[in-house]
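Reading through the C-alpha cells given below for one structure.
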Amino acid sequence: MTKIKRTLVTTALPYANGPVHIGHLAGVYVPADIYVRYLRLKGEDVLLIGGSDEHGVPITLKARNEGITPQDVVDKYHSIIKQSFADFGISFDVYSRTSSKTHYETASEFFKSLYDKGEFLEKESQQYYDEEAGQFLADRYITGTCPHCHKDGAYGDQCESCGTSLNATDLLHPRSTISGSTPVQRTTKHWYLPLDKHEAFLRQWILEEHKEWKPNVYGQCKSWIDLGLQPRAVSRDLDWGVPVPVEGAEGKVLYVWFDAPIGYISATRELTPDWEKYWKDPETRLLHFIGKDNIVFHCIVFPSMLKAEGTYNLPDNVPANEFLNLEGDKISTSRNWAVWLHEYLLDFKDKQDVLRYVLTANAPETKDNDFTWKDFQARNNNELVAIFGNFVNRSVVLTQKYYNGVVPQPDELQDFDRETLEGIGVFAQKTQEALDQFKFREAVKEAMNLARLGNKYLADTEPWKLIKTDAARVETIMYVALQITANLAILMEPFLPFAAEKLRKMLNMGQVDWKLCGQKQVLQTGHSIGEAELLFQKIEDSEIQAQLDKLQASKKANEAAARTANPAKENISFDEFSKMDIRTGTILEAEKVAKTKKLLKLKIDTGLDQRTVVSGIAEFFEPETIVGRQVSILVNLAPRNIKGIESQGMILMAEDADGRLDFVAPQSPVKNGSEVR
RNA sequence: GCCGAGGUAGCUCAGCUGGUUAGAGCGCAUGAUUCAUAAUCAUGAGGUCGGCGGUUCAAGCCCGCCUCUCGGUACCA
C-alpha cells in the first residue's frame with residue numbers, strides 16, 4: 001500500500017447551459033466541500049478542483065436559438081455558477097472553465113500523446129453535411145421522419161416521440177435545422193478510443209481491486225463491463241470545442257466527453273506549477289465526486305484515457321451519489337423544476353449553512369432522496385435552531401450572566417462531568433470516522449449529537465437552580481458546557497462553515513485548530529468570550545409558502561407549454577393523402593409480446609382479412625380490456641418484422657401531452673373495413 | 001425482457017463476517033423544567049424488516065421465485 005501524502009479532489013464540471021441547482025449541490029459539491037474542509041483542517045495537503053464544462057452541441061444549439069455566440073452562452077452561465085459557488089462557500093482552490101487557453105493546450109497535448117502512441121482507432125463513416133452552411137451536422141442539427149414510428153420532427157440521435165435512439169443516417173427525409181436544406185452524406189474521418197481493448201484491465205482494476213467502492217458505483221461498472229465495451233468516438237465535426245490537433249482534422253473538435261474530464265487537469269495546471277505532483281505522483285490520492293449519471297465516464301472512460309496515456313494516477317475512489325428529487329418530482333432544468341442556487345442565495349440571505357445542512361442530512365447517498373421545503377423548514381427550526389443554536393445560546397448567555405463572559409475555574413469534577421467530557425471525544429471520533437468513509441449524512445448527525453449532549457448536560461445539572469445554593473458547582477458546570485460549545489465551533493466547521501466561524505468569533509477563539517477537536521479543554525479558564533448572538537433564525541411558514549408558490553407557478557407554466565400543440569407539418573396534396581388506406585377494424589385478440597415493455601400483439605379484423613399488428617401500447621392498455629374495441633388501422637403500410645412477429649399495419653393512436661395514448665376510433669359501431677378519410 | 005441499485009416504525013435513514021427482547025433522528029403522546037429563538041430533558045406508543053418458499057440450532061442479513069421504485073439497455077409500423 002502506497003503511503004498517501006496528498007489528495008486531489010475533483011468535482012463534476014457543471015454544464016454551462018444553465019445555473020446550478022440543489023441536485024448538483026447535494027450530489028457533488030456539498031459532500032466534496034465537507035470532505036476537503038475536513039482534510040484541510042487536519043493539515044493535509046489537498047486541492048479541490050472545479051470548473052465549467054463549456055463545449056458540446058447543446059450549448060451551440062442554445063446560442064443559435066438565442067441569436068448569440070456559444071461563447072456568450074458560456075460566459076453568462078460560467079459567471080453565474082462561479083459566483084454562486086463562491087457565495088455558497090464551496091471552497092474551490094480553483095474554479096476554471098474548459099474554454100480557457102490552458103485547457104485548449106492541455107486537452108490538445110493529451111490527445112496528441114494518445115495519438116502518437118497509437119491509442120486511437122481511425123474510422124471513416126458517413127455523416128450528413130449541409131452544403132449551404134458548409135459544415136457537417138451534429139445529430140441534433142438534423143431532423144426528419146423517424147424510421148420507426150414515422151413521426152416527423154425526430155432528431156438525428158433520438159426520436160423524442162417514440163424514444164428510440166437513432167443514427168442520423170437512418171432518418172427519412174432529413175433536413176438541416178441550420179439552413180433547412182436537405183443534407184448530403186459525406187465521408188468523414190474520426191478517432192475512436194477502443195474501450196474494448198481496456199476491458200481486461202478495467203475488469204481487474206475495478207472488479208478485483210476496488211471492491212470497496214460504493215455498491216451503486218461498483219454495480220454499475222460491472223454492468224457496463226459485462227455488457228461489453230465499444231470503441232467511442234473522441235472527435236466530432238463541429239466548430240465549438242478544442243480542435244483536433246492533427247493534420248487534416250480541420251473542422252473537427254474533441255468530443256465533449258473527452259475534453260471535459262481533462263478539464264480537471266487543466267484547472268490544476270492553472271492553479272499551480274506543481275500540478276504534476278497532484279496528478280502523477282503515486283503518493284497522491286485522486287477522488288472524483290460526481291452524480292450517478294457520470295459513473296461510466298469517471299470509472300470506465302476517463303480511467304481508460306489516463307491508463308492509455310500512461311503517466312497519470314487512476315482514481316482511488318469515486319464516491320458517486322444518487323439523485324435528489326424536489327417535492328416528489330424529478331429535478332429538471334428545462335421544466336424549471338429546481339431550486340436554483342443563485343436564487344436561493346437571494347431568497348435566503350446568509351442562510352448558506354441551512355441549505356448545506358439539509359442537503360447533507362438528507363443526502364442521496366444510497367438511493368434517490370426527496371427535498372421538500374417542509375423538511376427544510378423542520379430541519380432548520382427543530383435541529384439547527386433548537387438543538388445547536390439553542391445550546392450555544394444557553395451556554396453563552398449563562399456565562400455572560402454569571403461570570404461576565406469569563407470562563408470559570410472548574411471545581412472538582414464529578415462522575416457526570418467526566419462522562420460528559422469523555423462524550424466530546426466520542427462524538428468527535430465518530431464524526432471523523434464517518435467522514436473518512438464518505439458517510440456525510442452520518443457524520444453530520446454525530447456532530448449534532450455533540451450539541452444534544454450539551455443540552456442534556458445543562459438539563460441534568462440545572463445550573464440556574466444551583467447558582468442560588470452552590471455557586472462553586474456552577475463554575476464547574478459552566479466550564480464543561482463551554483468546552484462542548486468550543487468543540488462545536490471546531491467540529492461543525494466542515495459542515496456549517498459560516499455558523500462555525502460566527503461561533504468562534506463569539507467565543508474569541510481565533511483560528512480553528514482541528515487538533516483541539518475532541519479535547520476536554522479548548523477554552524482556558526480566564527478566557528473572555530463575547531456576547532451571545534443567535535447562530536440561526538427560525539424560518540416562518542410564509543417563507544416556505546413563498547417557495548412552494550414559486551414551484552407551483554413553474555408547474556403551471558409547464559402545463560401551459562405542454563398544451564401548445566406542435567406546429568402543422570407542410571402541406572401535402574390530396575393524392576398524397578389518399579395513398580394512405582385507413583380502415584376501421586376490431587381487435588379480436590391481444591397479448592403481450594414476451595420480453596418487451598411496450599409491445600402488444602394484436603389480431604385485427606379489418607373487414608378485408610384478419611391480420612396481426614404489433615403495437616407499442618402495452619404501457620397504457622391491459623390486453624384483455626381492449627378485445628372487442630374498434631380501432632382505426634392503416635392497412636397499406638409496408639409490413640415489418642418486430643421481435644420476430646410480422647406486423648401488418650399500424651393502429652392509429654392519439655398522444656396526449658403527457659405521452660398517454662388513446663385509440664382513434666368511430667364513436668358508434670361501424671362496419672369493419674369502412675374507409676377512414 | 002436483460003443488467004445494476006433499492007424496498008426496515010407516519011417521515012428520513014442505520015443495521016458489522018447470519019446469533020439473545022430490530023435501532024436513531026424527526027413527527028406524535030405523556031411528564032419534568034424555565035438559563036434559552038415555546039427552545040430543552042425524560043418516558044412511551046408505533047415495525048409479520050416488500051411478498052411467498054427454502055437452507056440453518058438460529059435470517060432483516062444466505063438461496064429460489066414473485067412484486068414495487070429508480071437508473072441503464074432492448075423493443076415502440
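Naming convention: chains lettered A, B, ... in sequence-line order (proteins, then strands); numbering from 1 in each chain.
Within residues 465-478 of chain A, the residues having any heavy atom closer than 4.0 Å to RNA chain B are, in order of number, A:Lys465.
Residue A:Lys456 is classed as a sugar-phosphate contact, given heavy-atom separations below 4.0 Å to backbone atoms only. Among the heavy atoms of the strands lying under 4.0 Å from A:Val397 are primed sugar atoms or P, OP1, OP2 only; no base atom is included.
The nearest whole Å value for the distance from the CE atom in A:Met448 to the C1' atom in B:G25 is 10 Å.
Remark: A:Lys211 is not positioned above the aromatic ring of A:Tyr218, lacking an NZ or CZ atom under 6.0 angstrom from the ring centre and at most 45 degrees off the axis.
Residues passing the ring pair (Phe, Tyr, Trp, His ring centres under 6.0 Å) test with A:Trp337: none are found, sequence neighbours excluded.
The nearest heavy atom of RNA chain B to A:Pro364 and to A:Glu462 marks one nucleotide each, and the one closer to the 5' end goes with A:Pro364.
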Distances for protein N or O near nucleotides 2-6 of chain B N or O, under 3.5 Å:
from: B:C3; atom 1: O2'; to: A:Ser223; atom 2: OG; distance (Å): 2.9
from: B:G4; atom 1: O2'; to: A:Gln220; atom 2: N; distance (Å): 3.4

Polar atoms only, N or O, under 3.5 Å: list the protein pairs with nucleotides 64-67 of chain B and their distances.
none

Produce the list of close N/O pairs, under 3.5 Å, pairing protein atoms with atoms of nucleotides 26-29 of chain B; give distances to one decimal.
from: B:C26; atom 1: OP1; to: A:Arg452; atom 2: NH1; distance (Å): 3.3
from: B:C26; atom 1: O3'; to: A:Asn382; atom 2: ND2; distance (Å): 3.3
from: B:G27; atom 1: OP1; to: A:Asn382; atom 2: ND2; distance (Å): 3.0

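Spacing between B:U30 and B:G51 at atom C1', rounded to whole Å, works out to 37 Å. The same atom, P, is picked in B:A29 and in B:U21; the two are 32 Å apart, to the nearest Å.
For B:G4, the paired base is B:C70 (Watson-Crick or G-U wobble, both distances below 3.5 Å).
Side-chain atoms of A:Asn321 come within 3.5 Å of backbone atoms of A:Gly27 as a donor-acceptor pair (strictly under, hydrogens ignored).
Pairs passing the side-chain hydrogen bond (donor to acceptor under 3.5 Å, both in side chains) check and including a residue from residues 385-398 of chain A, sequence neighbours excluded, read A:Arg394-A:Asn455, A:Ser395-A:Thr485.
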